[in-house]
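Reckoned from all heavy atoms, side chains included, excluding hydrogens, waters and symmetry mates. Order of the sequence lines sets the chain letters (A, B, ...), proteins ahead of strands, with each chain counted from 1.
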Protein chains: 2
Amino acid sequence: MFSLAEENYLKAIFHLQQESKGGVSTNAIAEKMSTKPSSVTDMVQKLAEKKLLSYQKYKGTSLTSKGSKIAAGVIRKHRLWEVFLVDKLKFHWDEVHEIAEQLEHIQSDELVARLDRFLGEPDFDPHGDPIPDKNGNIKTTEKKLLSELDKKQRGVCVGVKETKSEFLQYLDKRNITIGTKIRVLGKEFFDGSMIIQVGRDQFFISKKIADNLYIQTS
Amino acid sequence: MFSLAEENYLKAIFHLQQESKGGVSTNAIAEKMSTKPSSVTDMVQKLAEKKLLSYQKYKGTSLTSKGSKIAAGVIRKHRLWEVFLVDKLKFHWDEVHEIAEQLEHIQSDELVARLDRFLGEPDFDPHGDPIPDKNGNIKTTEKKLLSELDKKQRGVCVGVKETKSEFLQYLDKRNITIGTKIRVLGKEFFDGSMIIQVGRDQFFISKKIADNLYIQTS
DNA sequence: AAATATATTTAGACTTGGCTAAAAATAGTA
DNA sequence: TACTATTTTTAGCCAAGTCTAAATATATTT
Ligand SMILES: [Mn+2]
Ligand SMILES: [Mn+2]
Ligand SMILES: [Mn+2]
Ligand SMILES: [Mn+2]
């Protein structure tokens with residue numbers, strides 16, 4: 001129905017829309033897609049003609065509900081495949097993203113439905129991100145960044161913002177994964193660094209780490 | 001490494017090569033790929049430059065060992081995914097081909113290796129076709145078409161030549177699948193039609209049916 | 001062997017999705 | 001407000017892969 005390029009644009013715009021409420025700028029899209037702003041303008045005009053997003057010259061774009069639905073469908077596939085790769089094929093959670101980038105474009109509603117059932121209709125992917133349902137609705141859970149917690153607060157790790165291998169491997173070394181309980185023992189206000197407790201271990205983390213861990217506080 | 005179009009050409013030529021020993025003609029490729037001969041000429045020249053096949057103007061082409069290896073790799077992926085779809089997702093054997101046509105282009109050696117292990121390192125796909133090993137070698141088994149059998153001969157169905165839904169659904173209706181024992185009760189030499197026995201049933205089949213069923217005798 | 005038919009290649013064009021360089025609009029600053 | 005910097009768009013070009021129409025080579029008949 002839609003080309004690989006079109007799906008990738010819709011997905012990128014969808015994600016950018018979540019982060020910063022309001023219209024998405026041409027440059028932001030170009031940045032996210034590692035492409036040039038001029039290429040973005042071309043594609044955005046094409047997608048606007050197809051009513052997948054609304055666009056006004058120089059004003060940025062935002063997805064129509066039709067565009068959002070398609071984007072959510074691609075994200076649904078991406079995350080379901082990631083679950084498959086980790087749960088069934090025993091990939092490590094830092095190895096699956098690139099493969100899912102390819103698998104998310106496989107076109108077959110029946111396949112998605114059966115995959116979902118095969119995996120036990122999971123709600124979250126291996127990185128803690130919610131899996132949109134077949135209608136494109138995403139369950140948003142109240143979660144905050146670890147860096148927003150104060151001294152003595154505690155919570156459960158429910159997701160990662162960054163999914164680069166180096167970060168995920170760091171978390172493994174520290175025995176932090178989805179579901180891990182974390183308590184803030186100390187917080188330095190000058191640089192935002194923290195001392196946290198994970199299981200029996202206590203250690204120092206930088207603000208950059210704390211900025212990339214999602215926590216649910218009871 | 002290679003584009004989707006390139007992989008599909010290599011696969012088509014590989015299959016054509018098996019059927020008719022000798023060079024593969026431009027028109028045959030165009031036919032199989034549902035494209036125009038002029039498009040085939042373009043691509044074949046490009047693949048020849050990349051040393052994936054040998055080509056002489058007006059003389060047809062044949063894959064180099066490098067080209068064969070790549071084609072076998074794509075076919076390996078196609079057939080492994082078909083096994084996944086049927087064994088794990090419970091698709092029917094007549095529903096999987098189109099989806100496998102997409103999945104066969106996913107690029108990740110690690111994925112193929114893990115999928116293979118997950119599926120129990122199968123030797124055949126749901127249609128009885130052999131799955132090439134990681135080096136591109138295909139185990140060829142001695143099999144003949146049902147239409148080649150004579151009256152009173154018997155054997156086991158080990159594959160189908162045609163994989164269109166209508167044909168596979170016909171076989172289902174007749175309770176014929178991979179592993180089914182078939183005995184030829186009668187054969188009409190005028191049109192090649194047969195009376196065969198399958199389980200307790202005896203029925204008439206046309207030559208066209210008999211031409212698309214692979215049988216292993218002895 | 002010449003004529004005809006078929007197969008194949010070439011030439012030129014089109015679409016998709018990129019890019020660079022230049023122009024135009026908007027935002028920021030003095 | 002006027003100048004400057006940044007963002008965005010336009011214009012023109014390119015590569016991959018496809019097509020149609022025309023040219024050329026090979027195969028088949030007479
Ligand atoms: Mn991912
Ligand atoms: Mn993920
Ligand atoms: Mn198939
Ligand atoms: Mn098959």
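Not one side-chain nitrogen or oxygen of B:Asn27 sits closer than 4.0 Å to the OP1 or OP2 atom of C:dT6. Residue B:Tyr55 places at least one side-chain N or O closer than 4.0 Å to OP1 or OP2 of C:dT9. For B:Tyr58 and D:dA23, the shortest distance from a side-chain N or O to OP1 or OP2 is not below 4.0 Å. Side-chain nitrogen and oxygen atoms of A:Gln56 include none within less than 4.0 Å of the OP1 or OP2 phosphate oxygen of D:dT8.
Atom-to-atom, CZ of A:Phe2 to C1' of C:dT16 comes out at 16 Å; the value is rounded to the nearest Å. Rounded to whole Å, the distance from CG on B:Asn8 to P on D:dA16 is 17 Å. Computed from coordinates, the A:Glu31 CD to D:dT6 C1' distance equals 15 Å when rounded to whole Å. The NZ atom of B:Lys59 sits 11 Å away from the P atom of C:dT8 (whole-angstrom rounding). At whole-Å resolution of the value, CD in A:Glu49 and P in C:dT16 are 11 Å apart. A:Gln45 has its CD atom 14 Å from the P atom of C:dT16, to the nearest Å.
A residue-by-residue look at A:Lys57 and A:Glu6 shows that A:Glu6 has its nearest nucleotide of DNA chain C further toward the 5' end.
Of the options B:Asp94, B:Ile176, B:Ile205, a side chain to side chain contact (heavy atoms under 4.5 Å, CB included) to B:Tyr170 is made by B:Ile205 and by none of the others. Screening A:Thr61, A:Leu4, A:Ile29, A:Leu53 for a side chain to side chain contact (heavy atoms under 4.5 Å, CB included) with A:Tyr9, the sole residue that qualifies is A:Ile29.
The listed nucleotides are C:dT9, C:dT8, D:dT8; the one nearest the side chain of A:Thr41 is D:dT8.
Residue-level contact check: A:Thr26 touches the backbone only, with heavy atoms under 4.0 Å from sugar-phosphate atoms and none from bases.
Few gaps surround NZ on B:Lys143; more than 12 heavy atoms of other groups in view lie less than 6.0 Å from it. Other residues, nucleotides and ligands contribute over 12 non-hydrogen atoms within 6.0 Å of the CD atom of B:Gln45.
Taking the six-membered ring for Trp, A:His127 and A:His97 have ring centres at least 6.0 Å apart. Aromatic ring centroids of B:Phe84 and A:Phe84 lie under 6.0 Å apart.
At distances below 3.5 Å, not a single donor-acceptor pair connects side-chain atoms of A:Lys88 with backbone N or O atoms of B:Phe118.
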Give each protein N/O atom lying under 3.5 Å from an N/O atom of nucleotides 18-20 of chain C, with the pair distance.
residue : atom : partner : partner atom : Å
C:dC19  : OP2  : A:Thr35 : OG1          : 2.8
C:dC19  : OP2  : A:Lys36 : N            : 3.3
C:dC19  : OP2  : A:Ser39 : OG           : 2.7
C:dT20  : O4   : A:Ser38 : OG           : 2.9

